[in-house]
Number of protein chains: 2
Amino acid sequence: MDFDAKFGNCPIYYTISKIEGKWKWVILYKLYKCKVMRYNRLWDDLQPIAHRTLSKQLKELEADGLVHREQYNEVPPKVEYSLTKDGETLTPILDMMSQWGERHINPRPEVSND
Amino acid sequence: MDFDAKFGNCPIYYTISKIEGKWKWVILYKLYKCKVMRYNRLWDDLQPIAHRTLSKQLKELEADGLVHREQYNEVPPKVEYSLTKDGETLTPILDMMSQWGERHINPRPEVSND
DNA sequence: TCCTATACTTACAAAAAGTTTAGTATATAA
DNA sequence: TTATATACTAAACTTTTTGTAAGTATAGGA
């Protein structure tokens, strides 16, 4: 990415390149709200996401230290995902994004005094 | 996008699909900090962005009501970009993203008492 | 007359992201 | 023996996004 050379002065670019892809923010948000989630639960909640997409993004988030993956050696398999400490530092942003979305999906009608 | 059908309950997904693309957040941030910017100034600051990319993203941001475009009918042309009122509602998120990036680009070393 | 400046647009090419379908592993239950 | 459950992975393909290179318009200056 050669980040420092070109964007050393642009921290926001760093943030969004770390959490790129429309699913990552949603994944982080789900994990923030639910604390711990198994793979299929996450997958259900994010329909219509593809397995490949979900597992890739989870892997990247894990590699970036934002998500923790806990694997239990059972059959059938069991894997739990949760936010790391570092991932939790994003929760204020997640909250604000969610609130912004809420206000813009259902714009509050202007108050009129008929 | 058929947003409502699938994501009516996920406001954060709405937010990030509205501001998708790694450049949009940076563009918004630049406009927030500089108030008003002409096209080439923005382009310089965002190197290595391509004209096509920048002008497309600006157009989308304008269509989404987040950026205002003021065109002066002069030769050579002059166009100024700035945030709309609605775009300004994003500034708290922009600030937090930027701060998060700052902390993670240059992680503050642990304080030790040698 | 040709060059410069500004803010783009267009056509094409390349790269990245996402989708679809099928398959893996293995203990337990029917 | 076959099906079930879970958490994926692999290959082939399509779509979306981004980049490259060139071109447009027009007034004023060299």
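All chains are named by letter (A, B, ...) in the order of the sequence lines, taking the proteins before the strands, and each is independently numbered beginning at 1. What you see below is based on every heavy atom in this structure, not just the backbone, and it leaves out hydrogens, waters and symmetry mates.
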(message) In whole Å, I'd like the distance from the CE atom of A:Met37 to the P atom of D:dC8.
(response) 14 Å
(request) Answer yes if the ring centres of B:Trp25 and A:Tyr13 are under 6.0 angstrom apart, and no otherwise. (result) no
(request) Would you please confirm or rule out a distance under 4.0 Å between OP1 or OP2 of C:dC8 and any side-chain N or O of B:Tyr81? (result) yes
(request) Check every strand shown and say whether B:Lys78 touches a base, only sugar-phosphate, or nothing at a heavy-atom separation below 4.0 Å. (result) sugar-phosphate
(request) Ignoring backbone atoms, test whether B:Ser55 places a side-chain nitrogen or oxygen under 4.0 Å from the OP1 or OP2 oxygen of C:dT9. (result) yes
(request) Identify which nucleotide among D:dT18, C:dT6, D:dA7 has an atom closest to any side-chain atom of B:Lys56, counting heavy atoms from C-beta outward. (result) D:dT18
(message) Between P on C:dA17 and CG on A:Leu58, what's the gap in Å once rounded to a whole number?
(response) 16 Å
(request) Check the distance between C:dT20's P and A:Gln47's CD and give it to me in whole angstrom. (result) 10 Å
(request) Using atom CZ of A:Arg52 as one end and atom P of C:dA16 as the other, report the distance to the nearest whole Å. (result) 13 Å
(request) Kindly compute the distance separating CG (A:Leu83) from NZ (A:Lys33), expressed to the nearest 0.5 Å. (result) 11.0 Å
(request) Examine C:dT6: is either OP1 or OP2 under 4.0 Å from a nitrogen or oxygen in the side chain of B:Arg38? Give yes or no. (result) no
(request) Drop me the distance from A:Met97's CE to B:Ile12's CD1, to the nearest 0.5 angstrom. (result) 6.0 Å
(message) Short of 4.0 Å, heavy atom to strand atom, which residues of residues 63-76 of chain B count as contacting DNA chain D?
(response) B:Val75
(request) Round to a whole Å and report the spacing from CD of B:Glu20 to P of C:dG18. (result) 8 Å
(request) Give the ring-plane orientation class for B:Trp100 versus B:His104, where under 30° counts as parallel, over 60° as perpendicular and anything between as tilted. (result) parallel
(request) Determine whether the side chains of A:Tyr72 and A:Glu80 contain a donor N or O and an acceptor N or O closer than 3.5 Å. (result) yes
(message) Just to be sure I understand the rule, does A:Gln57 reach a base, reach only the sugar-phosphate, or reach nothing, if contact means heavy atoms closer than 4.0 Å?
(response) sugar-phosphate
(request) Fill in the dot-bracket string of DNA chain C, one character per base: . for unpaired, | for a pair to another strand, ( ) or [ ] for pairs within the strand, taking Watson-Crick or G-U pairs under 3.5 Å. (result) ||||||||||||||||||||||||||||||
(request) Would you confirm whether B:Ser98, through its side chain, and B:Asp95, through its main-chain N or O, come within 3.5 Å as a donor-acceptor pair? (result) no
(request) Please determine, for the side chain of B:Thr53, which listed nucleotide (D:dT18, D:dC8, C:dC8) has the closest atom? (result) D:dT18
(message) Measure CG/A:Leu54 against P/C:dA17 and give the value in whole Å, please.
(response) 16 Å
(message) Quick check for you: to the nearest 0.5 Å, what is the distance between A:Leu61 atom CG and A:Leu31 atom CG?
(response) 8.5 Å
(message) What's the closest nucleotide to the side chain of B:His51 if the choices are C:dT6, C:dC8, D:dG19?
(response) C:dC8
(request) Working to the nearest 0.5 Å, report the span between NZ of A:Lys30 and CG of A:Leu94. (result) 12.0 Å
(message) Please report the interatomic distance CG(B:Leu42) to CH2(B:Trp23), rounded to the nearest 0.5 Å.
(response) 10.5 Å
(request) Measure the distance from CD on B:Glu62 to P on C:dA7 and round it to the nearest whole Å. (result) 15 Å
Extract all donor-acceptor atom pairs below 3.5 Å that involve side chains of residues 52-60 of chain B and protein atoms in other chains or at least two apart in sequence.
unit_1  : atom_1 : unit_2  : atom_2 : d
B:Ser55 : OG     : B:His51 : O      : 3.4
B:Gln57 : OE1    : B:Lys24 : N      : 3.3
B:Glu60 : OE1    : B:Lys24 : NZ     : 2.7

(request) Rounded to the nearest angstrom, tell me the gap between atom NZ in A:Lys59 and atom P in D:dC8. (result) 8 Å
